[in-house]
Novice: 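There's a structure below that I have some questions on.
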Amino acid sequence: MARLVLLSETAGDFSGAFPNAVRVEMKSFPDGESYIRIPENCKGKEVLLIHRCYPSPNDNLVKLFLMLDAIRSQSPSSLRAFVPYLPYARMDKSVKEGEAVSAETICRMLKSLGCAELITLDCHFIKKGAGIHEWAGLRIRNISAADALLAQLRKKAPGALVISPDQGASYMAKGGKSMKKVRGEYGEMGGATYRHVAKFEADFDVKGKDVIIIDDMVSTGSTMIKAVKVLKDGGAKRVFCAATHGLFLNNALEKLVEAGAEETICANSIVSPAARIDAAALLREAIG
Ligand code: R5P
């Protein structure tokens, strides 16, 4: 069966891993709405659509929905989407009555638009690690960047102790330790509700040791920055940071350096100066 790989404008730099990929035509109408055209007929083909949904997650999700629907309408034999960083994955439950559980909404939308499998990296709400999972009816193939990130940092710190800043990312620490992250009260950040990290609890000793902290993402950096400080205060020799997705909001990358991080690396699921791991290579490894 012929495979057709389609690349959106946000995934253009993945073309090296998929030299025969076809680019989706994308334009903006004068009012800001998106024009999408799939330039090759998808009928009977195994279609893999590759699209980054960050930055501008709302815009890029709409583009994803339009592309999927346009492909589905041509009756491909199968339709998968590779979205290396899935936006809204952290909104996977409601805390206050009436809140949208956005992660489920997005998954239901993707499923209803014909996406038979979403392929993504270290999806926040999947705490079991790499493999095939189901969420809100959507089949999700979760690929983990943990091995690649750790291999990269172990070149510099071979004997480093690997830890995750919370239980949620413990699978990424590959048998290492996990700290307990205690969140504070709900507050405001950039007009949105946000729970700051109040403290970390750890029942292990880092004195004189090199440590690698690994997590699924650095967003505002609250988690990673505080974790670095706690470990440095605990006497760690060098602290390295690894995260699959580097959003690095509010100058988080610079703040990590100020906090004492030796180096911070992530995957290119999001374009950033700290990207060292190629998401397209991980995808190729996972699906051939
Ligand atoms: C939380 O459970 C996640 O694994 C990350 O630790 C968190 O989302 C990172 O966000 P921030 O950088 O804003 O602390």
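Any value given below was found using the heavy atoms of this structure, including those in side chains, with hydrogens, waters and symmetry copies removed. Start at 1 and go down the list; that is how both ligands and their atoms are numbered.
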Novice: Is there a heavy atom in Gly221 that sits closer than 4.0 Å to ligand 1?
Specialist: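 The answer is yes: ligand 1 sits under 4.0 Å from a heavy atom of Gly221.
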Novice: Tell me the protein heavy atom at minimum distance from atom 9 (C) of ligand 1, and give that distance in Å.
Specialist: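 Looking at atom 9 (C) of ligand 1, the protein heavy atom closest to it is Met217 O, 3.6 Å.
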Novice: How does Asp166 reach ligand 1, if at all, at less than 4.0 Å between non-hydrogen atoms: by side chain, backbone, both, or neither?
Specialist: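 The answer is the side chain of Asp166.
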Novice: Starting from atom 2 (O) of ligand 1, find the nearest protein heavy-atom neighbour and note its residue, name and distance.
Specialist: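 Here the nearest protein heavy atom works out to His124 CE1, 3.2 Å.
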Novice: Donor-acceptor pair, Asn250 side chain versus Ala252 backbone, under 3.5 Å?
Specialist: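 Side chain of Asn250 to backbone of Ala252: no pair is present.
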Novice: Could you find the nearest protein heavy atom to atom 6 (O) of ligand 1 and give me its residue, atom name and distance?
Specialist: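 Of the protein heavy atoms, Asp215 OD2, 2.5 Å lies nearest.
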Novice: Check Glu9 with Arg23, please: is the shortest side-chain N to carboxylate O separation under 4.0 Å?
Specialist: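 No, no charged N to carboxylate O under 4.0 Å.
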Novice: Specify whether Tyr85 and Tyr54 have parallel, tilted or perpendicular ring planes, treating 30° as the upper limit for parallel and 60° as the lower limit for perpendicular.
Specialist: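 Aromatic pair Tyr85/Tyr54 classed perpendicular.
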Novice: Among all protein heavy atoms, pick the one closest to atom 10 (O) of ligand 1 and tell me residue, atom and distance.
Specialist: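 Checked against all protein heavy atoms, atom 10 (O) of ligand 1 sits closest to Arg90 NH1, 3.4 Å.
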Novice: Would you say Ser219 and ligand 1 have an N/O pair spaced under 3.5 Å apart?
Specialist: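 There is such a contact, yes.
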Novice: Is it true that Arg139 and Glu117 have a side-chain N and a carboxylate O under 4.0 angstrom from each other?
Specialist: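 Between Glu117 and Arg139 there is a salt bridge, with a charged N closer than 4.0 Å to a carboxylate O.
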Novice: For Lys63, does the NZ atom have more than 12 heavy-atom neighbours from other residues, nucleotides or ligands under 6.0 Å away?
Specialist: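 Yes.
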Novice: Counting from 1, what ligand 1 atoms have a heavy atom of Asp216 closer than 4.0 Å?
Specialist: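 Within the 4.0 Å cut-off of Asp216, ligand 1 contributes 3 (C), 4 (O), 5 (C).
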Novice: If we ignore angles and hydrogens, is there a donor and acceptor under 3.5 Å between the side chains of Ser219 and Arg90?
Specialist: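 Result is yes, a qualifying pair exists.
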Novice: With heavy atoms of Val218 as the reference, note each atom of ligand 1 found under 4.0 Å away.
Specialist: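 Heavy-atom distances to Val218 below 4.0 Å select 12 (O).
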Novice: Verify the distance criterion only: is there a donor paired with an acceptor across the side chains of Asp122 and Ser144 at less than 3.5 Å?
Specialist: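 Their side chains do contain a donor-acceptor pair, which is all the 3.5 Å distance test asks for.
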Novice: Is it true that Lys180 and Asp166 have a side-chain N and a carboxylate O under 4.0 angstrom from each other?
Specialist: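 Answer for the salt bridge query: no.
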Novice: Between Thr220 and ligand 1, which residue portion shows a heavy-atom distance shorter than 4.0 Å: side chain, backbone, both, or neither?
Specialist: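 It is both parts that get close, each with some atom under 4.0 Å.
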Novice: Counting non-hydrogen protein atoms only, what is the nearest one to atom 14 (O) of ligand 1? Give residue, atom name and distance.
Specialist: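 Sorting protein heavy atoms by distance from atom 14 (O) of ligand 1 puts Thr223 OG1, 2.6 Å first.
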